[in-house]
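Proteins come first, then strands; the chains are lettered A, B, ... in the order of their sequence lines, and each starts at number 1. Any value given below was found using the heavy atoms of this structure, including those in side chains, with hydrogens, waters and symmetry copies removed.
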Protein chains: 2
Amino acid sequence: MSIDQRMRADIAEAIFDQRLAPGTRLSEAGLGEIYGVSRTVVRKALFHLAADKLVDIRPNRGAIVWQPSPAEAHEVFTARRVLETSLLAESLPCMTPTDHAELDRILAADIAAHEAGDRQAMIRASGDFHRRLAAPANNSVLLAFLDELIGRSSLIVALYDTRDAAPCAHHDHAALLADIATGDVAPAQAALAAHLRDCQDRLVLDAPATETPALADLLRGPRRA
Amino acid sequence: MSIDQRMRADIAEAIFDQRLAPGTRLSEAGLGEIYGVSRTVVRKALFHLAADKLVDIRPNRGAIVWQPSPAEAHEVFTARRVLETSLLAESLPCMTPTDHAELDRILAADIAAHEAGDRQAMIRASGDFHRRLAAPANNSVLLAFLDELIGRSSLIVALYDTRDAAPCAHHDHAALLADIATGDVAPAQAALAAHLRDCQDRLVLDAPATETPALADLLRGPRRA
DNA sequence: GAAGGTCGTATTGTATCCAATCCGCCGGGC
DNA sequence: GCCCGGCGGATTGGATACAATACGACCTTC
C-alpha cells in the first residue's frame, strides 16, 4: 500500500475513532513530519480525504476535519434513507444464503463489540452491516455513494452522538434481518427506514460543543431586550 | 474563478462536447503549456476531474479521459434509475409553480437545441432537466450524487450513442412533465424509469470504436478452430 | 481601557528540480 | 523471421525552494 493511502486510512480511522475531533487542523508540514514525506504527498492524501468529504480544505487556510452543521448531518442521514431503501429493493431479491450468513456474522461482531464497549469496532461493524446489505444489488457506482455516506455518518455519529448508546443499535439490525429473511421488500424497507430515522433522531443536533456561539444573535440581543 | 477551476470546466465541457474522446491522453506538461501554469496546478485539476470520474489517472502512466466499459456504462444508468426515481418521490410533493415553470423553460430549450442540431446544448439541457427534477427534494448530498452521474452519463452518451437521436429524447421529457403535473408519484416514477431505460437501451454497447480488440480472444481463436 | 493599524511569523500555493518509471526502438540471438 | 533483452527519450512522482496569503501579537492612538 502506498504511503498516501496509508495516511488516508490512518486519518479516516482516527476520525471515526474520535481521536481526531471535527474542526481539528491538519497541517501539511505536521503530517509530513509524522510520515516522513514531503508536503506534496500530504496534499495528495488531504485532497483525497476532501473528495470523500471527511476533511474540509479551505483555500489558503488549511485543512480541517469536516465539521458538519446540524443541517448537513440531517441531509446525510436523509440521503442514506433514500439511497439505502431503494438499494434494498434491488439487493434483497438477489440475496443468496451466503449473503444472509455474512449478515449474521457481521451482526454477531456488532454485538460482541457492543458488549466489549469497543466503540470503534461498533462503528466499523455497523458500517459493514449496511454495506453488506446493499452489496447484492451489485452496482459499484451506488455502492461507492453508500460508502461515502457511511464514512460521513461515522464522523457525524462521532460528533453528535455523545450518549453511551450504540451508534447503530444492533437490536435494529437484528430485527431488520428478520424482515429480510422473509424476502418481502416493503417491510424490510420500512424497518430500514425506521432504523435510519432512529439514528438520525438520536443525534444531539443542538449545541455541538465545537460550534462557535452565534455572534450575530449575541449582538442583536441587547436591541431586542 | 481560479485557473484550475477554469481548466476543469474547460476539460469537462470538451468531453461532453466530444472534442475530447474517451481514452485521449491528458499530459500534464501539455496542459500546463496551454494554460501557462506549472504541472502542479495541472495535477490538481486532473485529480479533481478524476474525483468526478471524468478522467482516469493510471499510476505512472498519465491521465486519460474516462473510457467506460459497457458494463460501467450500464451501471451508471442503472444507478441513475434507482437514484432518480426515489429522488422524484421526495421532490414531486415539494414542487412549486416556479419549479414547474422552470421545467417547462428547460424543456423548451431542449427542443430548441434539438431543432438547431446543437448537440452540446442538447446534452446540457437534458442534464439541467434531470437536475431540476430532483432539486425540490432539497438535499444537496443526493443532488451532488446526481450531478456526478449526469456528468458521467454525458460522457457515456458521447461515447456510445452515435446515432442522430437526441441523447435524451425531449419527447420523453414532455410526457414526463404531463405525469408530474398530475402530482401522482407512481406514474411519474414509472415514466422516469422508462425514459432512463430507453436512454440505456439506445446505447450501442457492443464494439465501441475506441476499444482495443480483445487480444486474448484473438490468440485463443486458432486453437478453437 | 478599547479599537484600529502594522509588522512578524507561520502556513499554504506555486514553480522548478531531480529521481523513478514506462514505452518504443533497436540489436542480438535462437 | 520471430522473440527477448537492453538502451534512450519522454512522462510522471516526489522533494525542495520561493512567493503569497492569513493569523496573531504588539504598538499606537483616541
Q: I'd like to know if the side chain of A:Tyr160 and the backbone of A:Pro68 have a donor-acceptor N/O pair within less than 3.5 Å.
A: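 Yes.
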
Q: I'd like to know if the side chain of B:Asp52 and the backbone of B:Leu54 have a donor-acceptor N/O pair within less than 3.5 Å.
A: no

Q: Taking A:Ser126 for the side chain and A:Ile123 for the main chain, is one N or O donor matched with an acceptor at less than 3.5 Å?
A: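 Answer holds: no.
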
Q: So B:Phe145 and A:Phe145, would you call those rings parallel, tilted or perpendicular, with 30° and 60° as cut-offs?
A: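 Aromatic pair B:Phe145/A:Phe145 classed parallel.
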
Q: Consider side-chain contact (heavy atoms from CB on, under 4.5 Å). Of B:Leu46, B:Thr40, B:Val41, which one does B:Asp4 pass it with?
A: B:Val41

Q: Would you check if there is a donor-acceptor pair between the side chains of B:Arg80 and B:Gln200 at a distance under 3.5 Å?
A: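 B:Gln200 vs B:Arg80: no donor-acceptor pair found between side chains.
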
Q: Does any non-hydrogen side-chain atom of B:Leu20 lie less than 4.5 Å from one of B:Leu26?
A: yes

Q: Just checking, any donor-acceptor pair under 3.5 angstrom between side chains of A:Gln5 and A:Ser2?
A: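 A donor-acceptor contact under 3.5 Å links the two side chains.
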
Q: According to side-chain hydrogen bond (donor to acceptor under 3.5 Å, both in side chains), who are the partners of B:Asn60, at least two apart in sequence or on a separate chain?
A: none

Q: Provide the start and end nucleotides, 5' to 3', of the part of DNA chain D that has atoms under 4.0 Å from heavy atoms of chain A.
A: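 It runs D:dG14 to D:dC23.
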
Q: Could you check whether the rings of A:His173 and A:His195 sit parallel, tilted or perpendicular, using 30° and 60° as the cut-offs?
A: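 Geometry flag for A:His195 against A:His173: perpendicular rings.
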
Q: Please report how far the helix from C:dG1-D:dC30 to C:dC30-D:dG1 bends, comparing the axis fitted to its first five pairs with the axis fitted to its last five, to the nearest 10 degrees.
A: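 So the angle between the two local helix axes works out to 10°.
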
Q: Is there a donor-acceptor pair closer than 3.5 Å between any side-chain N or O of A:Thr24 and the backbone N or O of A:Val65?
A: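 Checked: no pair found.
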
Q: Please list, chain by chain and in numerical order, all residues satisfying salt bridge (charged side-chain N to carboxylate O under 4.0 Å, His left out) with B:Arg19, sequence neighbours excluded.
A: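 B:Arg19 satisfies salt bridge (charged side-chain N to carboxylate O under 4.0 Å, His left out) with B:Asp17 once adjacent residues are dropped.
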
Q: I need the residues from residues 35-48 of chain A with at least one non-hydrogen atom less than 4.0 Å from DNA chain C; give them sorted by number, or say none.
A: A:Arg39, A:Arg43

Q: At the 4.0 Å heavy-atom cut-off to chain B, mark where contacts on DNA chain C begin and end, going 5' to 3'.
A: C:dT14 to C:dC23

